[in-house]
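Contents: one structure, followed by commentary.
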There are 2 protein chains.
Amino acid sequence: MFHEENGPDMSLSPLASLSPDADARELATVLARAILSGHWNPGDGFPRELDLCRHFAVSRNLVRNALASLTSAGLIERSAGRGSWVREIGDWHLLDPQMSVWMTGLETTHPQLMREIFAFRLSAEPHVAELAAQAADAEDLARLERAWNGMRDSAGDPKRRNEHAECDVAFHAAVYRASHNLVWRQMGHLLRPSIIALIQHSQRRAGDLDDSLERHRRVMEAIRLRQPQAARLATAQVLERTADDLSKASSTVASSSSIPELQGPGL
Amino acid sequence: MFHEENGPDMSLSPLASLSPDADARELATVLARAILSGHWNPGDGFPRELDLCRHFAVSRNLVRNALASLTSAGLIERSAGRGSWVREIGDWHLLDPQMSVWMTGLETTHPQLMREIFAFRLSAEPHVAELAAQAADAEDLARLERAWNGMRDSAGDPKRRNEHAECDVAFHAAVYRASHNLVWRQMGHLLRPSIIALIQHSQRRAGDLDDSLERHRRVMEAIRLRQPQAARLATAQVLERTADDLSKASSTVASSSSIPELQGPGL
DNA sequence: TACTATTAAATGTCTGACATTTTGACAAGC
DNA sequence: GCTTGTCAAAATGTCAGACATTTAATAGTA
């Protein structure tokens with residue numbers, strides 16, 4: 001007897017429940033967020049297809065489609081005859097837009113991932129703003145202005161915090177897009193989990209909010225006036241303010257503004 | 001009669017043939033490369049599942065798995081009852097590692113994509129090298145040296161051109177990885193199609209090769225000596241040489257070093 | 001010990017059927 | 001003429017069961 005049919009199924013315990021009429025997309029979301037929450041260590045075996053079928057009461061086909069999504073995001077690896085297992089964090093496709101969606105809805109944000117993403121933004125975004133100041137057209141400016149107006153109008157109101165966060169995302173995404181390079185533009189997807197997680201967990205004072213708004217406005221203005229250096233500086237100052245909020249929000253005062261080093265061996 | 005059962009099936013004509021024992025991965029590759037080659041315009045309808053089944057003589061299941069890959073790469077969009085259609089180039093997930101694999105094997109390289117990717121490298125890679133010079137450890141240096149030695153040993157030999165290209169890719173990927181940031185590291189996947197396409201299509205003279213080797217060596221040395229500014233400059237000069245080779249290789253002397261602007265409206 | 005055949009477990013694929021979503025045609029009613 | 005409701009067709013989404021293939025462990029044998 002190799003089955004553990006009636007056992008407690010420990011490996012399935014971290015899985016949330018699923019609505020009864022779920023489709024493959026929802027199932028993939030549940031599974032992905034369980035991995036992103038760190039419920040499995042890299043190299044750990046992932047539940048077998050049939051176990052997942054029983055646990056969620058869905059067909060094997062649906063499970064396979066969901067697992068295919070996780071595979072294409074680099075979260076798991078599969079092999080006929082051997083099973084599925086969780087890949088190490090360095091192999092995850094952080095730039096897959098699907099990953100952004102999964103990360104955004106996470107209740108407990110993955111601290112290491114957030115540090116990595118923010119460190120990336122810190123090193124890249126000022127330069128993106130510089131490119132944007134060289135290439136932005138009228139449409140880009142309109143997008144920036146729409147997003148900024150949304151931030152201004154929803155500032156300070158606790159009921160409109162989600163709206164404020166979305167406008168914040170839209171603003172930064174508009175900067176990436178204004179670079180008029182398809183690769184940078186794709187990278188804008190990375191912003192959502194980073195910004196949402198921050199806004200949700202930080203309690204800003206009104207003064208901080210005004211200051212943040214003003215710094216965003218300077219970025220927009222520099223891009224409008226085609227001043228690359230000014231745009232670079234203004235963006236760096238926006239991120240500096242964000243880093244402040246971040247260190248206030250997190251109980252552990254990590255060095256969020258220096259490039260964190262980790263991920264030693266690898267293979 | 002709405003079926004066009006026996007028609008010439010024009011929409012299937014750009015599809016290459018498939019080996020008889022193909023799996024979903026191969027089928028996805030054939031379909032993806034057909035799209036990447038530009039055989040469909042954005043918004044064009046993609047063949048229906050059953051047509052693809054007949055054309056390739058495979059099961060519907062296999063076709064569906066292949067189409068799921070294309071969907072997760074942002075190449076097509078699907079909707080129950082309406083069918084599948086090709087998305088516009090700005091929505092393609094250029095940073096999906098799977099896309100790099102598909103692009104690399106392409107016979108006719110997609111000129112716009114290659115320009116976009118190279119423009120990105122030109123704007124980002126010097127800064128990545130700067131980060132690498134701050135964060136590289138012994139293992140990173142070993143990887144760089146291994147790759148550079150491979151480039152040196154295979155230089156000039158027409159029979160070892162693929163090997164040379166692979167080492168070139170490995171060198172630049174090692175720089176991205178040495179930044180010790182997971183996001184930049186993932187971005188290293190983007191290098192392969194860019195470098196391979198260039199090496200395959202350019203006929204370098206021996207002197208150019210030596211020069212390229214020397215410039216790569218300077219990058220490695222600057223990283224080893226922890227000299228960020230020198231690493232930045234050296235990388236910029238490597239890319240400058242590459243740009244020269246590019247403009248020699250392409251018959252149309254496009255402005256490959258300026259950020260190309262395109263993609264106007266796009267909702 | 002070393003090698004081979006067997007068996008079981010897990011994922012990969014095939015087939016056929018039904019469910020759901022979307023669109024268009026058509027007729028009834030105002 | 002215009003709207004509205006109903007129906008059918010087309011396309012993708014899901015289910016169920018069977019078989020194929022790959023992998024690892026096991027038992028048997030020289």
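Numbered from 1 within each chain, the chains take letters A, B, ... in sequence-line order.
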Between [X] ([atom1]) and [N] ([atom2]), how many Å, whole number?
X	N	atom1	atom2	result
B/Arg54	C/dC14	CZ	C1'	18 Å
B/Asn61	D/dC19	CG	P	17 Å
A/Leu50	C/dT11	CG	P	7 Å
B/Glu49	C/dT15	CD	C1'	15 Å
A/Asp23	D/dT12	CG	P	17 Å
B/Arg25	D/dT22	CZ	P	14 Å
B/Leu67	D/dT14	CG	P	14 Å
B/Ile76	D/dA11	CD1	C1'	13 Å

Nearest to the side chain of B/Leu62, which nucleotide is it out of D/dC15, C/dC14, C/dT11? C/dC14

Taking only residues two or more places apart in sequence, or in another chain, which ones meet A/Tyr176 in a ring-ring contact (aromatic ring centres under 6.0 Å, His included)?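 Partners of A/Tyr176 under the ring-ring contact (aromatic ring centres under 6.0 Å, His included) test: none.
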
Listing, residues 70-77 of chain B side-chain donor-acceptor contacts under 3.5 Å, not counting sequence neighbours, or none:
unit_1	atom_1	unit_2	atom_2	d
B/Thr71	OG1	B/Leu67	O	2.8
B/Ser72	OG	B/Ser69	O	3.0

If you restrict it to nitrogen or oxygen atoms, what contacts under 3.5 Å exist between nucleotides 4-7 of chain D and the protein, and what is each distance?
none

For B/Arg78 and D/dG13, is the shortest distance between a side-chain N/O and OP1 or OP2 below 4.0 Å? yes

Under-4.0 Å side-chain N/O to phosphate OP1/OP2 contact, B/Ser84 with D/dT12: yes

Sequence-distant partners of A/Arg160, salt bridge (Lys or Arg N to Asp or Glu O under 4.0 Å), two or more places apart: A/Glu163

Please tabulate, for side-chain N and O atoms in residues 186-198 of chain B, each donor-acceptor pair with protein atoms closer than 3.5 Å (sequence neighbours left out).
unit_1	atom_1	unit_2	atom_2	d
B/Gln186	NE2	A/Gly90	O	3.0
B/Gln186	NE2	A/Trp92	O	2.9
B/Arg192	NH1	B/Glu166	OE1	2.7
B/Arg192	NH1	B/Glu166	OE2	2.9
B/Ser194	OG	B/Arg121	NH1	3.2

Salt bridge (Lys or Arg N to Asp or Glu O under 4.0 Å) partners of residues 58-73 of chain B, not counting sequence neighbours, each pair once: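 Residue pairs passing salt bridge (Lys or Arg N to Asp or Glu O under 4.0 Å), neighbours aside: B/Glu49-B/Arg60, B/Glu49-B/Arg64.
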
Residues 92-105 of chain A vs salt bridge (Lys or Arg N to Asp or Glu O under 4.0 Å), sequence neighbours excluded, gives none

Find out whether B/Leu94 and B/Phe120 are in side-chain contact, i.e. whether some heavy atom of one side chain is under 4.5 Å from a heavy atom of the other. no

Does any non-hydrogen side-chain atom of A/Asp168 lie less than 4.5 Å from one of A/His172?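 Yes, at least one pair of side-chain atoms sits under 4.5 Å.
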
Polar atom pairs (N or O), protein with nucleotides 17-23 of chain C, under 3.5 Å:
unit_1	atom_1	unit_2	atom_2	d
C/dA17	N6	B/Arg60	NH1	3.3

Using heavy atoms to find the nearest nucleotide of DNA chain C for B/Ala24 and A/Gly83 separately, return the residue whose nucleotide is more 5′. A/Gly83

Between side-chain atoms of residues 102-111 of chain A and protein atoms elsewhere (two or more places apart, or another chain), which donor-acceptor pairs fall under 3.5 Å?
unit_1	atom_1	unit_2	atom_2	d
A/Trp102	NE1	A/Thr29	OG1	3.4
A/Thr104	OG1	A/Ser100	O	2.6
A/His110	ND1	A/Leu113	N	3.4

